[in-house]
Amino acid sequence: MKTIPARNPRTGRIDGEIENWTPAGIGGLANELRRAQTAWQDNGLSCRRGALLDWRDELHRRSEAIAEALTADTGRRQISRLEVQKPINLIDYWLQQAPALLEGEAGRSSMAPSVDWRHVHAPYPLVGVISPWNFPLALASLDAIPALLAGCAVIVKPSEVTSRFVRPLTESVASIPELRAVFRFITGDGSAGAGLVDAVDAVCFTGSVATGRKVAVHAAQKFIPAFLELGGKDPAIVTADADLENAVRAIARSAFGATGQACQSLERAYVAREVYDEFLAALVECARSIRLNDADLDAGEIGPLIFAGQAATIRRHLDDALARGARVHCGGKIENHGGGDWCRPTVVSEVSQDMLIMREETFGPVITVSPFDSASEAVALANESEYGLSAAVFAGSQAEAEAIAARLEVGGVSINDASLTAAVNDVEKNSFRLSGMGGSRMGPSGMSRFLRKRALLHQTAPAASIHGG
Ligand code: NAD
């Protein structure tokens, strides 16, 4: 068995190892799950519902063990405890939605009025879910749970950076034989990810644009659908009439929460010149009040940088910005505490749109603040990006906010708050530009994207003759 070292983000030390699954091993597992998937599909929703409810109970029962493994993976405990609630909430949500979504529709064709039709759903037999290190369990659950309820078998491969939680998760499924037959977690690096793409009928990928491109090409060669949820460089727009206190509160939570390691973390703020100084001062004050939880896992607001490579990216962006005249008001350094990499909330001003910190995803607790003179200028600056994940607008009225939001080239806009897409998983949204591709994983399409429609077409009149009539 080949293994990969596991690094502890709080100490920087290698204190474990994970198995690196081989393509042959993944292929064998895929065959096993495919065989079991037929019964999973044929036994119907009530059987799948029973298995998912049993799993929900197991997740409750084992929540502390799973949260502790996630804490070891990510170096943060509070968020890890919340993360265990995500699959539980998603099971509840999808169990409510599934009956209507799985109901095959029927009707009469308007183009051939003697033909009655009925849809029979054909789920993709085996779905692969590849997830990143920032929310290892939550992001895998967003895809895996609706796929399972749709009738698919599912193999999840989390990031090699955060795979300790796989053990308690696997244990939570082990006592439910019908679920274990169709739902497995594997571990490994990019080679295991590629092996998984080779073995499945559809792939859900969450991660960076660079890897997303590789997965898209690979899936195209395999002729399977790829649902891609990739990076972002989310902007916030704050107009002169906005409630500034509310804007600062929301923007700070979004930019610095989870140490900025969320795809929908705000990384750029554009603020009306009239209120720019006041906003900047308040945001810096708020940023300075945020504490690291380096000394005590249960105290402070933000944890370490999970992935060592991310510290290098943050440093590169800050160095580039400083060399080109930007001003750092607080934070701004990678600090070593107890062997781990930490970054205090960082506010940067006097930036230009061509700096790395404005163009590339930083994925740390870092936000830039720039002034604008008109709503059109704000929209143009916000849209000057290769990404199109989400955005936030703070304005004096709903009409003003919506007029701005409607012109932003992104798939989700939080109004008078930020990063609402992290909590609102029941509303469809697409990722624009390089931020993703494929049907929404939120809302009804989160399940229906796994269901191919087979149309049964009943001719109720005599079949047409080749001779006409
Ligand atoms: P990453 O792209 O480095 O890795 C993601 C996953 O892909 C890992 O499991 C990795 O092992 C696997 N992988 C690597 N090479 C592969 C290959 N050739 N084929 C198949 N799989 C392969 O991403 P990361 O650094 O783990 O995560 C951070 C990124 O994820 C950020 O860009 C962030 O914005 C993005 N993200 C997006 C969303 C979203 O919903 N849009 C949510 C969270 C994170």
Side-chain angles (χ1 to χ4, degrees), residues 4 6 9 18-21 23 26 73-74 83 86 128-143 155-163 165-166 185-200 203-222 224 226-234 258-267 305-314 360-364 385-390 410-412 419 421-425 429-438 440-442 446:
I4 300 173
I18 59 158
E19 182 178 352
N20 200 13
W21 278 64
I26 297 167
D73 275 330
T74 61
E83 202 175 342
K86 194 66 159 186
V129 174
I130 300 174
S131 59
W133 47 257
N134 59 325
F135 286 92
L137 173 59
L139 292 165
S141 307
L142 275 172
D143 294 317
I155 299 176
V156 175
K157 192 208 81 68
S159 167
E160 62 275 31
V161 179
T162 50
S163 283
F165 78 102
V166 165
F185 280 73
I186 61 169
T187 52
D189 58 16
S191 65
L196 187 58
V197 177
D198 266 331
V200 296
V203 60
C204 300
F205 173 84
T206 308
S208 64
V209 172
T211 314
R213 275 189 203 279
K214 290 186 202 162
V215 171
V217 169
H218 191 169
Q221 283 162 343
K222 289 276 305 169
I224 61 169
F227 304 105
L228 306 174
E229 299 285 347
L230 311 177
K233 187 79 196 169
D234 282 5
T259 322
Q261 301 164 122
C263 54
Q264 77 288 342
S265 298
L266 288 170
E267 296 201 355
L305 299 170
I306 298 169
F307 176 47
Q310 209 59 44
T313 301
I314 296 169
E360 294 182 5
E361 186 179 42
T362 307
F363 220 56
S385 172
E386 290 187 313
Y387 295 102
L389 191 63
S390 42
V410 300
S419 298
T421 53
V424 182
N425 298 158
K429 71 168 197 68
N430 292 113
S431 298
F432 290 16
R433 296 174 164 173
L434 293 189
S435 290
M437 204 160 64
S440 168
R441 75 163 150 193
M442 310 298 188

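Computed from a predicted model, the values in this text were never measured in an experiment. FYI, the numbering just counts along the sequence from 1. Indexing begins at 1, ligand by ligand and atom by atom, following the structure's order.
- The backbone and the side chain of Thr206 each have at least one atom closer than 4.0 Å to an atom of ligand 1 (non-hydrogen atoms only).
- The shortest side-chain heavy-atom distance between Val203 and Leu196 does not fall under the 4.5 Å cut-off.
- Using modelled atom types, one side-chain atom of Glu267 and one backbone atom of Phe363 make a donor-acceptor pair closer than 3.5 Å.
- With ligand atoms numbered from 1 in the order given, ligand 1 contributes 32 (O), 34 (O) to contacts under 4.0 Å with heavy atoms of Gly231.
- The single protein non-hydrogen atom nearest to atom 41 (N) of ligand 1 is Leu230 O, 2.7 Å, given as residue, atom name and distance.
- Between Tyr387 and Val209 the shortest side-chain heavy-atom distance falls below 4.5 Å.
- By heavy-atom distance, the residue among Asp198, Thr211, Thr187 lying nearest atom 4 (O) of ligand 1 is Thr211.
- Taking CD from Glu361 and OG from Ser385, the interatomic distance works out to 10.0 Å, rounded to the nearest 0.5 Å.
- Between Asn20 and Ser191, the shortest heavy-atom distance links the atoms ND2-OG, 4.0 Å.
- Side chains of Leu389 and Lys429 form a contact here, defined as non-hydrogen atoms less than 4.5 Å apart.
- Between Ala194 and ligand 1 there is a heavy-atom distance shorter than 4.0 Å.
- Every atom of ligand 1 is numbered from 1 in the order shown, and the set under 4.0 Å from a heavy atom of Gly193 is 19 (N), 20 (C), 21 (N).
- The pair Arg433-Glu386 fails the salt-bridge criterion, with no side-chain N (NZ, NE, NH1 or NH2) lying under 4.0 Å from an Asp/Glu carboxylate O.
- At distances below 3.5 Å, at least one donor-acceptor pair connects side-chain atoms of Ser435 with backbone N or O atoms of Gly231.
- Here the side chains of Lys86 and Leu137 are not in contact, with every heavy-atom distance at 4.5 Å or above.
- Counting heavy atoms under 4.0 Å from ligand 1, residue Ala192 does not touch it at all.
- Taking a cut-off of under 4.0 Å to the non-hydrogen atoms of Gly190, the atoms of ligand 1 that pass are 11 (O), 13 (N), 14 (C), 15 (N), 16 (C), 17 (C), 19 (N), 22 (C).
- Atom 39 (C) of ligand 1 has Cys263 SG, 3.2 Å as its closest protein atom, hydrogens excluded (heavy atom only).
- Nearest protein heavy-atom contact of atom 26 (O) of ligand 1 is Trp133 CD1, 3.0 Å.
- Interface atoms of ligand 1 facing Ile130, defined by a heavy-atom separation under 4.0 Å, are 6 (C), 7 (O), 9 (O), 12 (C), 20 (C), 21 (N).
- Phe205 counts as a contact of ligand 1, since one of its heavy atoms falls under 4.0 Å from the ligand.
- Taking 4.5 Å as the limit, every side-chain heavy atom of Gln261 sits out of range of all side-chain heavy atoms of Phe307.
- Of all atoms in ligand 1, listed by their number and element, those nearer than 4.0 Å to a heavy atom of Leu389 are 41 (N).
- Contact between Gly436 and ligand 1 is absent, with no heavy atom of the residue lying under 4.0 Å from the ligand.
- The shortest N or O to N or O distance between Ser131 and ligand 1 is below 3.5 Å.
- Within the listing of ligand 1, atoms 42 (C), 43 (C) sit less than 4.0 angstrom from a heavy atom of Leu139.
- Contact atoms of ligand 1 toward Val215: 19 (N), 20 (C) (distance under 4.0 Å to a heavy atom of the residue).
- In this structure, Val424 and Met442 have side chains that are not in contact, with every pair of non-hydrogen atoms separated by 4.5 Å or more.
- Between Asn134 and ligand 1, a contact under 3.5 Å exists for no N or O pair.
- Heavy-atom contacts of Phe363 reach the following atoms of ligand 1: 28 (C), 31 (C), 33 (C), 34 (O) (cutoff under 4.0 Å).
- Proximity of Pro158 to ligand 1 is established by a heavy-atom distance of less than 4.0 Å.
- Side-chain contact between Ile26 and Asp198 is absent, with no heavy atoms from C-beta onward closer than 4.5 Å.
- Nearest-residue assignment for atom 40 (O) of ligand 1 (options Met442, Arg441, Glu361; heavy-atom criterion): Arg441.
- Protein heavy atom closest to atom 10 (C) of ligand 1, with residue, atom name and distance, is Glu160 OE1, 3.6 Å.
- Of the candidates Pro132, Gly207, Gly188, Gly207 brings a heavy atom nearest to atom 35 (C) of ligand 1.
- Taking each heavy atom of Ile306 and Asp73 in turn, the nearest pair found is CG2-O, 3.8 Å.
- Of the protein's non-hydrogen atoms, the one nearest atom 23 (O) of ligand 1 is Ser208 N, 3.4 Å.
- Rounding to the nearest 0.5 angstrom, the gap separating the CD atom in Gln310 from the CG atom in Leu305 is 7.5 Å.
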